Number of protein chains: 2
Amino acid sequence: MIEQLRIIAVFSSLSEESLHELSNCMEYVQYPKGTTIIRADKVEPYFYVLQSGIARAYSDGENQQITFWFGQSGDVLFSFNSYINNRPGYENIELLANSALIRIKLTDLFLLYQQNLEIANWGRKIAEQELIATERRLIDRAFKGAAERYRDFTAQSPELIKKVALKHIASYLGVTQVTLSRIRAAH
Amino acid sequence: MIEQLRIIAVFSSLSEESLHELSNCMEYVQYPKGTTIIRADKVEPYFYVLQSGIARAYSDGENQQITFWFGQSGDVLFSFNSYINNRPGYENIELLANSALIRIKLTDLFLLYQQNLEIANWGRKIAEQELIATERRLIDRAFKGAAERYRDFTAQSPELIKKVALKHIASYLGVTQVTLSRIRAAH
DNA sequence: TTCATTTTTTAACATTTGTAAAATGTTGCG
DNA sequence: CGCAACATTTTACAAATGTTAAAAAATGAA
């Protein structure tokens, strides 16, 4: 079982001992397509790793719903504001396919952070990787047009293009669905 | 001297011992207005805390320069990609006023992360706070128009409005300077 | 398959924002 | 002061994107 965990990239840096400590706090869960596992108005008590499936994070606006993240196998999945500030987050997270996840209760994880130096640094690196990815998207928004962002997205996430509704991809790219259609039409 | 550090919010959570360990790696530096302390094409070996002054982070595009962060007293200041991946970053950081900074060499800091549980968790929280702030900006970009972002900016950073050139604020808000002028004209 | 539902595309038009250039305002230095 | 350099606003026009509505295509359930 520890061996199974090790093949998941996010756990690969941990020693046998730390991985064992962490695995004591893990549960394996499965949910069907369409399940909303994290809700924006609640404090989410778990941290998830997606073993298989697809997820999207979105926020509800007045008359639109904006997707700002997609997750695939191996991605970590958590409500930033629950995890960091113990407050309701900004995001809903919905599964776009039947999915298998590992979950860790935040209260357990936070205890480990105070006890285990390796796990504390593991948690630091997770936040750092999310930070780099989020900064990257902010910069891309500033420097690239919607058409280029669409090309990048198709190149980097070819599976998502096949499986995710274009309306979600449009809002992820920061344009309306009509504009995305026009971009696609201009092949 | 340790007491002086404690009044800086980012250090306030550390114990006497950890703060002492950290302070052994600190240097105090001062630079005049206009100094570029971090360059996008270099690996930046220091982590900074701004004691006084103003800073902005920007990236160079083909024909424009886009500001995506402003720093004030108490803010931490580092090249995300140098700090996280030991690679040249995306950002230049320039001082917009004469500034006093504390700097910590990354190699020293990383050693502390591997030795001191409290400092490792301190580093985790820094990354988490930057992450929350960056996510907040990405979501704001999606849900708020430029006029509302400008109002928010003036409300939250009244000192910056006074001291920073509007062209920098325009690119920070994600619009051209002409559009920002139009927003301002519509009082 | 067929029908109903949902998604995607297309079209016409409105609005916003961008671009370029000129006009005006501001700052600091000799 | 008076000039030079730079910042900001304004104008006119162009380009991109949004809005609304309808048509076409795809999907899923009976």
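The chains referred to below are lettered A, B, ... by the order of the sequence lines, with proteins before strands, and numbering in each begins at 1. Because the structure is predicted, anything quoted here is derived from the model rather than measured.
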Answer yes or no: does a side-chain N or O of [X] lie under 4.0 Å from OP1 or OP2 of [N]?
X        : N      : result
B/Thr176 : C/dT17 : no
A/Ser181 : C/dT9  : yes
A/Arg182 : C/dT10 : no

Please give, in whole Å, the distance from [N] [atom2] to [X] [atom1]?
X        : N      : atom1 : atom2 : value
A/Leu166 : C/dT8  : CG    : P     : 4 Å
B/Ile161 : D/dA7  : CD1   : P     : 16 Å
B/Lys163 : D/dA7  : NZ    : P     : 18 Å
A/Lys33  : C/dT6  : NZ    : P     : 14 Å
B/Gln65  : D/dA7  : CD    : P     : 11 Å
B/Arg184 : D/dT8  : CZ    : P     : 8 Å
A/Arg141 : C/dT17 : CZ    : P     : 15 Å
B/Gln177 : C/dT17 : CD    : C1'   : 15 Å

- Query: Quick one: is the NZ or CZ of A/Arg103 closer than 6.0 Å to the six-membered ring centre of A/Tyr48, and within 45° of its axis?
  - Reply: no

Counting heavy atoms from C-beta on, name the nucleotide in [options] closest to the side chain of [X].
X        : options               : result
A/Lys167 : D/dT8, D/dG18, C/dT7  : C/dT7
A/Val178 : C/dT17, C/dT8, D/dA21 : D/dA21
B/Ala185 : D/dT10, C/dT9, D/dA7  : D/dT10

Should A/Tyr83 and A/Leu106 count as side-chain neighbours, where that means a heavy-atom distance under 4.5 Å? yes

Worksheet entry | Short side-chain donor-acceptor distance under 3.5 Å, B/Glu118 and B/Ser15 | yes

Which of A/Phe78, A/Phe80, A/Tyr113, A/Phe110 passes ring-ring contact (aromatic ring centres under 6.0 Å, His included) with A/Phe47? It is A/Phe78

Note: for B/Ala146 and A/His168 on DNA chain C, the residue whose nearest nucleotide lies more 5' is A/His168

*Do B/Tyr172 and B/Phe70 have ring centres separated by under 6.0 Å?*
yes

